[in-house]
Amino acid sequence: MNNPWPPAPRSPTPRPPRKRARLLYGAAGSLAAALLWGLLTPPAASAPPPGHASVRTADLHYLVSGLPSADNLAWADRLASQEKALSKWIGRTVPFGNDPPIAVSFRTRADGIEPVVRIQGWEDGRFLQRLAAPGVWGVDADDFDEAACWLLLNRCAAGATPPEFRYGMGAETPDWLACGLARDLDSALRARTRDWIARDWREGRAMPLADIVKLSRLPSGQWREKAYAAAAVEFLLPSGDAAAWQALFDALARRETPTARWFRAHSPALAGKDESPETLWRAWLARTAAAADSAAGVGRRDRSLAQEALLMDILTCRPRETDPGVPADIPAEVYARDLAAWRGQPWCTRLATRLLVRVQELAPTAPDALRDAIAAYASYFAQLATPPAPERHWWQRGGDDDDSAAPRPPDDAAWSLALNQLWQRAERLHRDFLETTLARKQYLDLWDARSRPLPDDTPPDAPDEAPLPRTPIQRYLDRFEPAY
C-alpha cells in the first residue's frame, strides 16, 4: 500500500472542521512517531568510534550501543540481572521468541525529549522495542531500570497478545506497575519503600489504593507515589504468583487497563475477601509499618542510634551500585567527605543529588538531637551538587542570575572552601550528638550497674586490671580525634 491516507471522495458538502482536525492531528502524530523512531534508530552506514563497539548479550535479548565497550557491557549486565530478578518475581521467563533484541542506545540529551525514551510497536508480526538514554553522564540508573522494567512487562504481555491485537504500539503497562516492580526488584529501594511507608503511616498520611492504580504516567525521578506503587505491587501481585501475573498480562494483551475493579477480581490479596480493598490495604500497610519499625528499633527505649546508623550508611556511599558511569579509578566505597576531591565530575554531581534526597528523608523521623547534623549534611550535599556558574562574557545575558536560582560559588577555590566549612560544621554537630548520646547511655549504665548485685565470686574491692572494650560509639568518636 503506497499511500496509507487515500484521498477522500469529492463532495459538494465540505468536511466538518472537527473531523478534518482529527485527520490532521492523526497524520501529524504518525509523522512525529516515525521521525522519533528514525531519530533513535542508528544509521546503518555509520561505524562506531574506536573502542565503542556494540555489545550483544549471550542470550541475544539486548543490544547496547553508544558508549565505550566496557560501559556497554556494564549496562548489558545490568539489564540481564534485572530480567532475571523480574522473571523470578513474576514466576515465568520473559518471552523473546524470534523477535529482535531490545535495542538500547545512549545518545546526547536532546531538548524536548524525556531523559529516558522508550519505544515499542508491532511490525510485520514482530514486536520491536527500543530504549534511548542520554549517555553515561546523564542517565539516572533508577529511571533506566523503570523504563527497562516497562519494556519487559510489555514483552510478557506481547507474548499473550492475540493476532487481532498485534498492531500499533501493543500492550502498555501502567507506569505505577513498572516503576513499583522496578523498586521491588532492588533490595535497597525496597527497604527505603518500607521505611517511607512506616513514616507516612505514623503520620496518618497513607495513600489510598484506589489513587495508586490510577497512576498511568509517572515522571522521572524519586517521588513519594513511586514508593506507594512499589508497596501496591507487593500487595496486589506478590512475588512468585505466576497465575496472578499471567492474568495481568492477558488483560494488557487485550488492551485492557487494570483498574481497582479488575484487581478485586484477580488479585490474591483481594479476591474472595469480604472486607473492602481499602480496609485490606490499610491492614497490610499497618503490618508493613510495624515490621519496618521493629527492624529499625523504632518505638523501643531509644531509636537515636538506629537513625544514626542509617545516616552513617548514607555517608559511606558506594558509587558504582547506583551509577555504572563511575570511572574505574574511583574506589568501590567512598566516604562522603572525600567526594569533594571529585567535585564537578558528572557522576559526583549525580551522586550528591541522590545523597541529598536520602539524607533529607531521614529528617522527619530522626530525633531532635540528630536533625541539626542531618540538615548540615544536607547543606554539604546540596553545595556539592552546585558547581560554579559557567564563565560568561560581559555582553552575554545569563539566565542563572535570577533570584529563584540556587546560589553558585564564584569559582572553584570558593567552592572548595565552602565544602570544607560545611563538612566541618556537619561533623561538629554529628560529634555533639554522639557525645550526648554516649553520656546519656553511660549514665543509664551506671545506674543499672549500681542496681545490679555483684557476683558472689568477685570481691567488692577488685581492681580494674584491664580496660573495658571500646563501644561502637566510642570507636566512631575516635575517628573525630585529630591525628596530631
Side-chain angles (χ1 to χ4, degrees), residues 57 61-62 64 74-94 102 104 106 114-120 129-134 138-158 171-197 207 212-241 244-245 248-249 252 258 263 288 320-325 350 353-354 357-358 361:
T57 54
H61 289 180
Y62 305 97
V64 184
W75 284 104
D77 290 342
R78 186 183 186 94
L79 288 165
S81 299
Q82 186 180 31
E83 180 191 342
K84 182 178 180 180
L86 182 142
S87 298
K88 183 179 180 180
W89 189 284
I90 66 177
R92 54 163 297 176
T93 58
V94 180
I102 297 178
V104 181
F106 289 90
E114 289 294 324
V116 179
V117 182
R118 53 196 191 184
I119 294 181
Q120 65 179 26
Q129 290 181 309
R130 293 192 59 80
L131 190 154
V139 64
D140 183 85
D142 293 340
D143 292 342
F144 184 91
D145 291 344
E146 292 169 2
C149 192
W150 185 82
L151 293 175
L152 290 174
L153 291 177
N154 291 345
R155 184 165 286 273
C156 292
E172 292 187 70
T173 303
D175 275 4
W176 73 268
L177 269 168
C179 296
L181 182 57
R183 295 180 68 92
D184 285 333
L185 298 180
D186 189 310
S187 57
L189 290 179
R190 190 163 62 249
R192 287 182 59 192
T193 294
R194 292 178 178 177
D195 291 340
W196 203 324
I197 295 299
M207 192 171 178
I212 301 172
V213 298
K214 296 177 183 177
L215 299 173
S216 59
R217 289 290 180 267
L218 283 170
S220 60
Q222 297 293 330
W223 298 93
R224 172 176 176 263
E225 288 78 3
K226 291 185 179 181
Y228 278 94
V233 170
E234 189 176 359
F235 171 66
L236 296 172
L237 299 166
S239 176
D241 197 327
W245 280 100
L248 173 67
F249 296 140
L252 294 174
F263 280 108
T288 302
R320 288 192 184 84
E321 292 185 359
T322 57
D323 195 339
R350 293 193 302 271
T353 302
R354 285 193 291 269
V357 175
R358 293 187 60 190
E361 289 176 351

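Quantities reported herein were computed from a predicted structural model and do not represent experimental measurements. Along the sequence shown, residues are numbered consecutively beginning with 1.
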Distance col, row I90:CD1 vs L181:CG, nearest 0.5 angstrom, shows 8.0 Å
For T93, all residues meeting side chain to side chain contact (heavy atoms under 4.5 Å, CB included), sequence neighbours excluded
none
Taking R217 first and then E172, would you say they form a salt bridge - that is, a charged N and a carboxylate O separated by under 4.0 Å?
yes
Do V64 and L79 come within less than 4.5 Å of each other through their side chains, counting heavy atoms only?
yes
Go through it in stages, so that I can follow the logic: the residues are L252 and L153, the test is side-chain contact (heavy atoms from CB on, under 4.5 Å), and I'd like the CA-CA distance, side-chain angles, deciding distance and then a yes or no.
CA-CA 10 Å; L252 294 174; L153 291 177; 5.8 Å; no
Minimal non-hydrogen separation, A178 against T173, with atom names
N-CG2, 4.2 Å
Kindly give the heavy-atom pair with the smallest separation between D175 and L218, and that separation in Å.
OD2-N, 2.9 Å
A141 and T322: which non-hydrogen atoms are nearest, and at how many Å?
CB-O, 2.8 Å
Determine whether the side chains of Q120 and N154 contain a donor N or O and an acceptor N or O closer than 3.5 Å.
yes
side-chain contact (heavy atoms from CB on, under 4.5 Å) test vs D143 passes for just one of P219, P134, S220, namely S220
R78 bridged to D145 by N-O distance under 4.0 Å:
yes
Parallel, tilted or perpendicular, as decided by the 30° and 60° cut-offs, for the rings of F144 and W75
tilted
Work out which heavy atom in L151 is nearest to a heavy atom in R130; give both atom names and the distance.
CD1-O, 4.0 Å
One should read off an interatomic distance between L248 CG and L177 CG, to the nearest 0.5 angstrom, of 6.0 Å
CH2 of W89 to CD of E234: how many Å apart, nearest 0.5 Å?
5.0 Å
How far apart are the C-alpha atoms of I102 and E83, what are their side-chain angles, what is the distance that settles it, and do they pass the side-chain contact (heavy atoms from CB on, under 4.5 Å) test?
CA-CA 12 Å; I102 297 178; E83 180 191 342; over 6 Å; no
Distance check, rounded to the nearest 0.5 Å: W196 atom CH2 versus R224 atom CZ?
8.0 Å
Under the ring pair (Phe, Tyr, Trp, His ring centres under 6.0 Å) test against W176, which residue among W150, W223, F263 passes?
F263
Applied to residues 146-156, the salt bridge (charged side-chain N to carboxylate O under 4.0 Å, His left out) test, sequence neighbours excluded, yields D99-R155, E146-K226
Drop me the distance from C149's SG to D184's CG, to the nearest 0.5 angstrom.
9.0 Å
Smallest heavy-atom separation, I212 atom then A229 atom, equals CG2-CA, 4.0 Å
For L131 and A148, which heavy atoms make the closest approach, and how far apart are they?
CD1-N, 3.8 Å
